[in-house]
There are 2 protein chains.
Amino acid sequence: MTTADGTAGSGGGGTLDVFARRPKRADARRNYEKLLAAAREAFAEAGVSASLEDIARRAGVGIGTLYRHFPTRQDLFESVYVDEVEALCRAADELAGLPPWDALAGWLRRFVTYTATKRAIAEALNHDSSVFATCRKAINTAGEPLLRRAQDSGAARPEASFDDVLRLVGGVTMYPFADPVQLERVLTMALDGIRVRPAAG
Amino acid sequence: MTTADGTAGSGGGGTLDVFARRPKRADARRNYEKLLAAAREAFAEAGVSASLEDIARRAGVGIGTLYRHFPTRQDLFESVYVDEVEALCRAADELAGLPPWDALAGWLRRFVTYTATKRAIAEALNHDSSVFATCRKAINTAGEPLLRRAQDSGAARPEASFDDVLRLVGGVTMYPFADPVQLERVLTMALDGIRVRPAAG
DNA sequence: CACCATACGGAGGGTCGCCTCCGTTTGCAA
DNA sequence: TTGCAAACGGAGGCGACCCTCCGTATGGTG
């Protein structure tokens, strides 16, 4: 899965194919990337409602150019989002070799940095566009096996659904942490909440 | 503490005194309350950037009236927020009679419904106005003893700070839950993350 | 009942972001 | 080098929201 580099090909089921859209001409391609970077930045700072004109400005590009590449705000938004999701899915593959709990925990840590920087973008998980649905599915496909494996091995609570876990862990970084040590502490608590509780005694 | 009803009096340290501002004339008072209710609703739905004109409309009141009562957006915002915080503080007092862990858990559950409905309002925890600082302090004063008690009794992790706990639990409801059963499940995990882990074996 | 301080409403001027449209520029293929 | 399809940029019209200002309405008191 996870269409990682330019070598296209829609792997298994619902791959994301961000590359379908990428323009051909050199300058256009350049601007496309600049816009994407600017947007990522702007969304992270100002939230979903970042000004499109500001994004164009950051990218050093006319507003018209922005609209040519991304006809709607949603388009731009989705492109940024899809990039993130792909990276996240790739991470799942890379962690697959670790012991069950470590793989899950590692991936969730990665998930946290994903939501941490892109807090704004996560707001869109509610919205209902087909792209978001696809991304959601991609995340599930990538992460759920990790949870299941951890559950089967007896490390993770059997009653926890994948969605439960994402909500618990994702919520942690809803507000930015000034202190990375604190983030670590809170994250540990969250992960412990997912683990099976040894019988008290 | 907790200036609960109209009987004023700034209790201990930094009480909140929402009542200082409440207008005198009957119609004014009525509109004030209507605006507050409308704002609570609007902020919960549309986030911090809800339109003031919309709030006035919801309240069935002219925009001028809104501005007379709440000269700045921040004023309105703070008033809603303060109301919430007061209720939350009151809850802490009411739970004080329970066993240590139950009191903490109960209060945190209350805290969750508070952040759940008022998600938007919580965004402001970052902002730095004196009112928000005071509220933050009030929440601490109300909730921290519950945590400490739970820790002293050996039920809660000793290394968890009060802020850690709020972030963990508050984050849970960052995104609305369609299914209350799921909320309960996730919340349980979060609370378990705060509890001391019995030694594995 | 009469008076007036208090409160109401909403028109309107200003700002800002959205998006379209079109004259100009530029990559690139022949 | 030349030509044209592709891409660029930004002026400008539009709508949403902000906030002020002032003529009108009204509660409450004497």
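Just the heavy atoms: all of them, side chains too, but no hydrogens, waters or symmetry mates, feed the values below. Labels below follow one simple rule: chain letters A, B, ... track the order of the sequence lines, proteins then strands, and each chain is numbered from 1. What you are looking at is a predicted structure, and each value in this text was computed from that prediction instead of being measured.
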Margin query: Between A/Arg157 and B/Arg185, is there a side-chain heavy-atom distance shorter than 4.5 Å?
Written below: no
Check: Do you know the tightest heavy-atom contact between B/Ala138 and B/Val85?
Finding: CB-CG1, 4.3 Å
Check: Below 4.0 angstrom from OP1 or OP2 of D/dA7, is there any side-chain N or O of A/His69?
Finding: no
Margin query: From C-beta outward on A/Ile63, which listed nucleotide comes closest to its side chain: C/dG27, D/dG10, D/dG9?
Written below: D/dG10
Next item on the list: Name the residue closer to the 5' end of DNA chain D, choosing between A/Gly64 and B/Glu53 according to the nucleotide with the nearest heavy atom.
Entry: A/Gly64
Notebook entry, point to check: Do A/Leu88 and A/Arg110 touch side chain to side chain, with heavy atoms closer than 4.5 Å?
Noted result: yes
Next item on the list: Give the nucleotide from the list C/dG9, D/dG27, C/dG27 with an atom nearest to the side chain of A/Arg30.
Entry: C/dG27
Note to self: Please pick, from D/dG9, D/dC18, C/dC8, the nucleotide with the shortest atom-to-atom distance to any side-chain atom of A/Thr65.
What the structure shows: D/dG9
Checklist line | Rounded distance (Å) that lies between atom C1' of D/dG27 and atom OH of B/Tyr32 | finding: 20 Å
Notebook entry, point to check: Should B/Ser51 be listed as having a side-chain N or O under 4.0 Å from OP1 or OP2 of D/dA16?
Noted result: no
Next item on the list: Rounded off to whole Å, could you give me the CG-to-P distance for the A/Leu52 and C/dC19 pair?
Entry: 6 Å
Notebook entry, point to check: Would you say the side chain of B/Asp83 lies within less than 4.5 Å of the side chain of B/Arg40, judging by non-hydrogen atoms?
Noted result: yes
Next item on the list: To the nearest Å, give me how far apart NZ (B/Lys24) and C1' (C/dA5) are.
Entry: 13 Å
Note to self: Ignoring hydrogens and geometry beyond distance, is the side chain of A/Arg25 in donor-acceptor contact with the base of D/dA6 at under 3.5 Å?
What the structure shows: yes
Check: Between atom CG in B/Asp75 and atom P in D/dC19, what is the gap in whole Å?
Finding: 11 Å
Check: Contact class for B/Asn31 vs. all strands (heavy atom < 4.0 Å): base, sugar-phosphate, or nothing?
Finding: sugar-phosphate
Notebook entry, point to check: How close or far is atom P of D/dC17 from atom CG of B/Leu66, stated in whole angstroms?
Noted result: 14 Å
Item checked: Integer-rounded Å distance: C/dA11 P and B/Arg57 CZ -> 12 Å
Next item on the list: Could you work out which one of C/dC18, D/dG27, D/dA7 sits closest to the side chain of A/Ala28?
Entry: D/dA7
Next item on the list: Take atom CZ of B/Phe70 and atom P of C/dG9, then tell me their distance rounded to the nearest Å.
Entry: 14 Å
Checklist line | Protein-nucleotide distance (B/Arg73, atom CZ; D/dC18, atom C1'), rounded to Å | finding: 9 Å
Next item on the list: For A/Asp27 and for B/Gly62, find the nucleotide of DNA chain C with the closest heavy atom, then tell me which residue's nucleotide is more 5'.
Entry: B/Gly62
Margin query: Taking CZ in B/Arg73 as the centre, count heavy atoms belonging to other residues, nucleotides or ligands within less than 6.0 Å. Is the count above 12?
Written below: yes
Item checked: Nearest listed nucleotide, side chain of A/Arg68, among D/dC18, D/dA7, D/dG27 -> D/dA7
